Amino acid sequence: MHVLRFSMALPLPLDKVFPFFADAANLERITPPELRFHIVTPQPIQVERGTLIEYRLRLFGVPFPG
């Protein structure tokens, strides 16, 4: 299993930004289109600490396991 850990600081209150990041469908919106990001996990997804989301990526037509 691969684990990606990433952090980001936004100069906004948590209550303003959390709804956007809590909606897993927004992952497709913020991922560069050339990666052809697609969520495989059935939606809606309840995002909370420890949530796992299965997805697929393609770069130059080459699939990458998610």
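Fair warning: this is a prediction, and the values are worked out from it, not measured in the lab.
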Subject >> Smallest separation among heavy atoms of G61 and P63, with atom names >> reply: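 The answer is O-CD, 3.5 Å.
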Original post:
What are the two closest non-hydrogen atoms of A22 and V47, and how far apart are they?
Top reply: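 The pair with the smallest heavy-atom distance is O-CG2, 3.1 Å.
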By side-chain contact (heavy atoms from CB on, under 4.5 Å) - contacts of [X] (at least two apart):
| X | result |
| --- | --- |
| Q46 | E48 |
| R36 | R58 |
| T31 | L35, F37 |
| P42 | none |

Original post:
Can you pull the side-chain hydrogen bond (donor to acceptor under 3.5 Å, both in side chains) pairs that have at least one residue in residues 5-25, sequence neighbours excluded?
Top reply: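 side-chain hydrogen bond (donor to acceptor under 3.5 Å, both in side chains) check on residues 5-25 returns no pairs.
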Original post:
What distance do Y55 atom OH and E28 atom CD have between them, rounded to the nearest 0.5 Å?
Top reply: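 So the OH of Y55 and the CD of E28 are separated by 12.5 Å.
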Subject >> Where at least one partner belongs to residues 8-30, residue pairs that pass ring pair (Phe, Tyr, Trp, His ring centres under 6.0 Å), sequence neighbours excluded >> reply: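 Every candidate ring pair (Phe, Tyr, Trp, His ring centres under 6.0 Å) pair involving residues 8-30 fails, so no pair, neighbours aside, qualifies.
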Subject >> Path from L57 to L4 over hydrophobic side-chain contacts below 4.5 Å >> reply: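 No.
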**OP:** Decide whether V40 and I30 are clustered together by the hydrophobic rule: side chain heavy atoms of Ile, Leu, Val, Met, Phe, Trp, Tyr closer than 4.5 Å, transitively.
**Re:**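 V40 does not cluster with I30.
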**OP:** Using side chain to side chain donor-acceptor pair (under 3.5 Å) as the criterion, list what pairs up with N26, not counting sequence neighbours.
**Re:**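 N26: side chain to side chain donor-acceptor pair (under 3.5 Å) contacts with R29.
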Original post:
Can you tell which of I39, L27, L52 makes a side-chain contact (heavy atoms from CB on, under 4.5 Å) with I45?
Top reply: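 With I45 as partner, I39, L27, L52 yield a single side-chain contact (heavy atoms from CB on, under 4.5 Å), made by I39.
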